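This chain uses plain numbering: 1 for the first residue, then up along the sequence. All values derive from a computational prediction rather than experimental measurement.
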Amino acid sequence: MTVSSKELLQIAVEAADDKKAMNVVALDLQGVSLVADYFVICHGNSDTQVQAIATEIRKRVQESGVRIKGLEGMDSARWVLMDLGDVVVHIFHRDEREYYNIERLWSDAKVVNTV
């Protein structure tokens, strides 16, 4: 079974939402960057919540038959980066999200309405 990038985006957003991720934003990078088709950016209010969000996304993505290409930052849980191929997920701790403000860096990208 092949999962489209749009479907993968939806899986990641729903999994993050189920773990009460805060301020979930999906950016459409098509035509803006070759890095990925979509970024998902969200944050948790504690290290434990950041790890729970990442774990839930990983579980759902793997259940859909997609192999995760990379996962960084789970130990420190300050900024977890998940490479799902066409979708890259950034899960921040609240303080780091404010500091890095990557939405501003990708301001050319359109915000995607999900769910």
Side-chain angles (χ1 to χ4, degrees):
M1 177 175 115
T2 303
V3 178
S4 73
S5 59
K6 187 79 169 177
E7 292 168 328
L8 191 55
L9 170 68
Q10 195 66 36
I11 291 166
V13 167
E14 288 175 4
D17 188 56
D18 284 353
K19 289 299 176 182
K20 308 294 187 239
M22 307 297 293
N23 195 18
V24 180
V25 175
L27 300 177
D28 183 347
L29 298 176
Q30 297 174 84
V32 176
S33 174
L34 299 176
V35 173
D37 289 346
Y38 300 100
F39 271 4
V40 175
I41 305 163
C42 62
H43 72 269
N45 291 319
S46 68
D47 295 356
T48 304
Q49 185 182 18
V50 169
Q51 290 171 333
I53 294 164
T55 300
E56 185 67 17
I57 292 171
R58 178 175 49 192
K59 181 183 108 186
R60 301 259 188 101
V61 165
Q62 289 174 334
E63 285 173 354
S64 72
V66 174
R67 189 177 72 78
I68 295 174
K69 294 171 179 24
L71 177 63
E72 298 289 330
M74 282 292 280
D75 292 337
S76 66
R78 303 305 287 180
W79 179 356
V80 176
L81 181 65
M82 303 180 79
D83 182 354
L84 310 178
D86 292 333
V87 177
V88 175
V89 181
H90 300 267
I91 309 162
F92 288 96
H93 189 282
R94 179 187 60 245
D95 300 334
E96 274 67 18
R97 183 170 187 177
E98 292 172 9
Y99 178 78
Y100 289 105
N101 194 8
I102 65 173
E103 291 99 322
R104 183 179 47 80
L105 294 174
W106 293 98
S107 61
D108 290 346
K110 295 180 293 197
V111 174
V112 178
N113 292 324
T114 56
V115 181

How far apart are the closest heavy atoms of Gln49 and Gly44, and which atoms are they? OE1-CA, 3.3 Å

Report the C-alpha separation of Asn101 and Glu103 in whole Å, then their side-chain angles, then the decisive distance to 0.1 Å, and conclude whether the side-chain contact (heavy atoms from CB on, under 4.5 Å) test is met. CA-CA 5 Å; Asn101 194 8; Glu103 291 99 322; 3.8 Å; yes

Cluster overlap Ile41 with Val112, hydrophobic side-chain contacts below 4.5 Å: no

Can you hop from Phe39 to Val66 via hydrophobic side chains spaced under 4.5 Å? no

Report the C-alpha separation of Asp37 and Lys6 in whole Å, then their side-chain angles, then the decisive distance to 0.1 Å, and conclude whether the side-chain contact (heavy atoms from CB on, under 4.5 Å) test is met. CA-CA 9 Å; Asp37 289 346; Lys6 187 79 169 177; over 6 Å; no

Taking every heavy atom of Ala36 against every heavy atom of Gly85, the minimum-distance pair comes out as CB-O, 4.1 Å

Begin from the C-alpha positions of Ile53 and Ile57 and carry the test side-chain contact (heavy atoms from CB on, under 4.5 Å) through to its verdict. CA-CA 6 Å; Ile53 294 164; Ile57 292 171; 3.9 Å; yes

So which heavy atom on Leu9 is nearest to which on Val87, and how close? N-CG2, 3.9 Å

Once side-chain hydrogen bond (donor to acceptor under 3.5 Å, both in side chains) is applied, do any residues pair with Thr48, and if so which ones, sequence neighbours excluded? none

Hey, could you give me each pair passing salt bridge (charged side-chain N to carboxylate O under 4.0 Å, His left out) that has a residue in residues 45-59? Not counting sequence neighbours. Asp47-Arg78, Glu56-Lys59, Glu56-Arg60

Let me check something: do Val13 and Val111 share a hydrophobic cluster, defined by ILVMFWY side-chain heavy atoms less than 4.5 Å apart, either directly or through other members? no

Looking at residues at least two apart in the chain, or sitting in another chain, which of them share a side-chain hydrogen bond (donor to acceptor under 3.5 Å, both in side chains) with Asn45? Arg94

Applying salt bridge (charged side-chain N to carboxylate O under 4.0 Å, His left out), name anything that partners Glu72, two or more places apart in sequence or on another chain. none

Under the side-chain contact (heavy atoms from CB on, under 4.5 Å) criterion, do Val40 and His90 qualify, and how do the steps go? CA-CA 6 Å; Val40 175; His90 300 267; over 6 Å; no

ILVMFWY network linking Val50 to Met82, side-chain heavy atoms under 4.5 angstrom: yes

Please tabulate, for the side chains in residues 24-34, all donor-acceptor contacts under 3.5 angstrom to protein atoms that are two or more places apart in sequence or on a different chain.
unit_1: Asp28; atom_1: OD1; unit_2: Gln30; atom_2: N; d: 2.9
unit_1: Asp28; atom_1: OD1; unit_2: Gln30; atom_2: NE2; d: 3.2
unit_1: Gln30; atom_1: NE2; unit_2: Tyr38; atom_2: OH; d: 3.1
unit_1: Ser33; atom_1: OG; unit_2: Val35; atom_2: N; d: 3.0

Minimum heavy-atom distance between Arg97 and Met22, given as atom pair plus value: NH1-O, 3.3 Å

Tell me every residue that passes ring-ring contact (aromatic ring centres under 6.0 Å, His included) with Phe92, counting only those two or more places apart in sequence or in another chain. Trp79

Can you get from Val3 to Leu71 by hopping between Ile, Leu, Val, Met, Phe, Trp and Tyr side chains that sit under 4.5 Å apart? yes

